[in-house]
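Worksheet: the structure to be examined is printed underneath.
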Amino acid sequence: MGKLSEVRIIKTPVLNDRRGNLSFLESRQQVPFDIKRIYYLYDVPSTLTRGGHAHYNLQQVIMAISGSFDIILDDGFNSQRIHLNSPNTCLVLPTMIWRELDNFSLGAVCLVLASEYYSAADYIRNYSDFIGLVNPSKDKVA
Ligand code: TYD
């Protein structure tokens, strides 16, 4: 069936003392791939949506390093809305998951750890194309 079952939510290790918290992620440890790229979204208006695509080959770890936002995941069979609001909670996304991000709080920062360098060719930006690839029978019914 769909790949939503491969999505993982992981907690980062936290070192806490009177000076505050320190948290970390390492390639091939908490992150199941070698990190080739880091990017972040910030100053996203609360009324607007980011994402709206899937990736052929890219795996990602996504977290709300500050503030909160929602991520809607769709594998062509099922969809799920997840609220991210902690710098200790990470979403581990496999390839071929359609995602949209919305409901950004004021000051929210979405940090993304990526398994590949940026490649425009890796994007599937048309939802019908995505469904055609992951669940073609749904495409015919729709
Ligand atoms: P996009 O991935 O569509 O943003 P989002 O999914 O958050 O809405 O990227 C927006 C633009 O930024 C697009 O022109 C590609 C460019 N971009 C890079 O040049 N490098 C990157 O690492 C990323 C993620 C995007």
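Quick caveat: nothing in here was measured; it's all calculated off a predicted structure. Counting starts at 1 for both ligands and their atoms, in listed order.
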Side-chain donor-acceptor contact under 3.5 Å, Tyr56 with Glu116: no
For atom 8 (O) of ligand 1, what's the nearest protein heavy atom and its distance? Gly51 N, 2.9 Å
First locate atom CG of Leu58, then atom CZ of Arg37, and finally report the distance between them rounded to the nearest 0.5 Å. 5.5 Å
Could you check whether atom 12 (O) of ligand 1 has a protein contact, counting only heavy atoms that fall below 4.0 angstrom? no
Please confirm whether Arg125 comes within less than 3.5 Å of ligand 1 when only nitrogen or oxygen atoms on both sides are compared. yes
Report the part of Leu41 (side chain from C-beta onward, or backbone N, CA, C, O) that has a heavy atom under 4.0 Å from ligand 1; answer both or neither where that applies. side chain
Please answer whether the main-chain N or O of Asn16 pairs with a side-chain N or O of Arg19 as donor and acceptor at a distance below 3.5 Å. no
Ser86 and Lys11: side chain donor to acceptor below 3.5 Å: no
Do protein heavy atoms approach atom 24 (C) of ligand 1 to less than 4.0 Å? yes
Rounded to the nearest 0.5 Å, what separates atom OG in Ser119 from atom CG in Asn57? 8.5 Å
A student checking ligand 1 against Tyr39 at a 4.0 Å heavy-atom cut-off should list atoms 24 (C)
If I apply the N/O under 3.5 Å rule, does Arg50 come out as touching ligand 1? yes
What protein heavy atom sits nearest atom 21 (C) of ligand 1, and how far off is it? Arg37 NH1, 3.3 Å
Nearest non-hydrogen atom to atom 20 (N) of ligand 1 belongs to which of Tyr40, Tyr118, Tyr117? Tyr118
Side-chain H-bond candidate by donor/acceptor type, Ser115 with Lys36, under 3.5 Å: no
What residue and atom, counting heavy atoms only, is the protein's closest point to atom 2 (O) of ligand 1, and at what distance? Tyr123 OH, 2.6 Å
Closest protein heavy atom to atom 6 (O) of ligand 1, given as residue, atom name and distance to 0.1 Å: His53 NE2, 2.6 Å
Is Ile82 reachable from Phe69 through a run of I, L, V, M, F, W or Y residues, each pair having side-chain heavy atoms under 4.5 Å apart? yes
Quick one: does Arg125's side chain have a donor or acceptor within less than 3.5 Å of a partner on Tyr123's backbone? no
